[in-house]
2 protein chains.
Amino acid sequence: MSYQNRKQKLLKIVEQHGEVEVKELAQKLETSEITIRRDLALMAADGLIFRTHGGAMKMSLASIPVSFQQKTSTNIEQKDYICRLAAQEILDNDIIFMDCGSTVFRLCQFIKNKRIKVITNSLPVVYELLNTEVSINLIGGELDGNRQAIHGKIAVEHIERYKVDKAFLGVDGISIENGLSAASEKEAEITTAMAANAQSTYLLCDSSKLGKDKYLKFAPLTIIDVLVTNQATDLLKSYQDLGLRILN
Amino acid sequence: MSYQNRKQKLLKIVEQHGEVEVKELAQKLETSEITIRRDLALMAADGLIFRTHGGAMKMSLASIPVSFQQKTSTNIEQKDYICRLAAQEILDNDIIFMDCGSTVFRLCQFIKNKRIKVITNSLPVVYELLNTEVSINLIGGELDGNRQAIHGKIAVEHIERYKVDKAFLGVDGISIENGLSAASEKEAEITTAMAANAQSTYLLCDSSKLGKDKYLKFAPLTIIDVLVTNQATDLLKSYQDLGLRILN
DNA sequence: TTAAATTTGTTCAAATATAATCATAAATAA
DNA sequence: TTATTTATGATTATATTTGAACAAATTTAA
């Protein structure tokens, strides 16, 4: 297979997924990682993609989500697995909340063709769902440049005006003992508000966050209805005992 | 078999398969690889195919998909002239509205280093001002994918919560007789709301729009305080007589 | 912070493709 | 016919691509 051929395929994959890892690409194209790296380097030089550590991302994305660049290429497969599960729960005509976490962001690719309404405070999500089947409602308020998301009192009030079917949320930490925890007060505020105004609240949470606590404990586990994760560990049983539905 | 004959067949195969190898072609045409290579070289020189290492590709596949083209908007110089004037009116610590017109968008470049707060319903404005000195407040509500802007009842209510120093607005048409006119009801709504909640309202308007009417008349000239434009025509006098300050 | 793990860049060798050269065969013209 | 041109194929040399091994840089975890 020639470089040009691979280039086409790589472009397609990157367009589709938004963000990919070198390993993944090497497998898909049945070639070595070094070849993929060389290809990506050439393509990046042409401005066709944005090179990240361990992979690549869509140019259009790279210019926007600064905050996600730092988190790129960690646990992508796990996150995609989780998001695929979560997407299956979404029905046509659903109205859903999506918050500004990096896991939740990856849900976008799986819902592009659904006829739903998404209410979100995340600019990357907005950008990703622009000009798709999805109808978007953007939460208004103060923009946090680093997180590329809207936070604050106005944002919370905006959320409270809606009652939606499902909320898809991420957190920085979750444990039986301390419930949900976050690294930022602002994010916690949004998460809480979204959960309170959704019929079902889905927590998208890769296994690395299970049992971890961050500095700010902000809500009990009970605000969550469904825990979507990637590993079927014994740990999950205790969550199940607390009344959470587990998807994995 | 002659070159002309082979050329037809090769073209057909390439069209059909998108990408092919020299070996493959040599077998199909029952000739040597070197002959195929010579043929492909000639065809590539004529721009009929794209030569790759080891084979050839359809021209259309090889060409770089121009996914992101910068809109070369009309009257850039005029708009920049207008925006430079408008930017001079903005002081540190001002809070301003910016709407989603293409003229107003070009104001961004001139205010990046000002310490102000911008309240806007335009995604392009947000992206342009992201990670600059400017603090951003995004208006929430329904997102219009085509205009990349937020409109609707919620957006208007969001605007009404603020009282700002200056509003910088664009319109599609302006005339003495009919006042301000727009091509879309949604935009008119936002423009009106912003003007009503700003101490001073600046209309950024290149000369091509002066004296023009669009289908929707939505407001009298009196909601404007300052008209920023690029030409010093006699026409402007009548606007001045109506109490508008003219900047040009 | 340091240490471990991962990713990337570099160099080199093998495989493959291309270019160059020459010889042969076929077609064309005198 | 013969001489000349043209197209094709074979052979060899050159260039490109690829993958492996290892050092350097970066990221992650502790």
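The sequence lines fix the lettering, A, B, ..., with proteins before strands; numbering per chain opens at 1.
For the side-chain hydrogen bond (donor to acceptor under 3.5 Å, both in side chains) with A:E19, the qualifying choice from A:R106, A:K58, A:Q109 is A:R106, the only one to do so.
Distance from the side chain of B:I34 is smallest to C:dA20 among C:dT8, C:dA20, D:dG19. With distances taken from any side-chain atom of B:R37 to the nucleotides D:dG19, C:dA17, D:dT8, the minimum falls on C:dA17. Side chain of A:K23, nearest nucleotide from D:dT18, C:dT7, D:dT17: C:dT7.
Nearer the 5' end of DNA chain D, as judged by each residue's closest nucleotide, is the contact made by B:S32, out of B:S32 and A:E33.
The pair B:R38-B:E33 does not count as a salt bridge, with every side-chain nitrogen at least 4.0 angstrom from each carboxylate oxygen.
The side chain of B:R51 places no N or O atom within less than 4.0 Å of a non-bridging phosphate oxygen (OP1 or OP2) of C:dA17. Distances shown here put every side-chain N or O of A:T35 at or beyond 4.0 Å from the OP1 or OP2 atom of D:dT17. Using a 4.0 Å cut-off, no side-chain N or O of A:T31 falls inside it from OP1 or OP2 of D:dT18. Contact annotation: A:H53 does not reach the phosphate of C:dT7 (side-chain N/O to OP1 or OP2, under 4.0 Å).
In this structure, B:E21 atom CD and D:dT17 atom P are separated by 15 Å, rounded to whole Å. Distance CG (B:D39) to P (C:dA17): 18 Å, rounded to an integer number of Å. Taking atom NZ of A:K7 as the reference point, atom C1' of D:dT17 lies 16 Å away to the nearest angstrom. In this structure, A:I36 places its CD1 atom 9 Å from P of D:dG19, rounding to the nearest Å. Taking atom CG of residue B:L29 and atom C1' of nucleotide D:dT8, one finds them 14 Å apart after rounding to whole Å. Across the protein-nucleic acid pair, A:M1 atom CE and D:dT16 atom C1' stand 18 Å apart, rounded to whole Å. Distance A:E30 CD to D:dG19 C1': 16 Å, rounded to the nearest Å. The interatomic distance linking B:N5 (CG) with C:dA26 (C1') rounds to 17 Å, in whole Å.
The base of D:dG9 lies close enough to the side chain of B:R38 for a donor and an acceptor atom to sit less than 3.5 Å apart.
Sparse packing is recorded around NZ of A:K237, with 12 or fewer heavy atoms of other residues, nucleotides or ligands lying under 6.0 Å away.
Of all heavy-atom pairs between B:I90 and B:K114, the closest is O-NZ, 3.4 Å.
Put simply, the side chain of A:R6 never gets that close to the backbone of A:T35: no donor and acceptor are under 3.5 Å apart.
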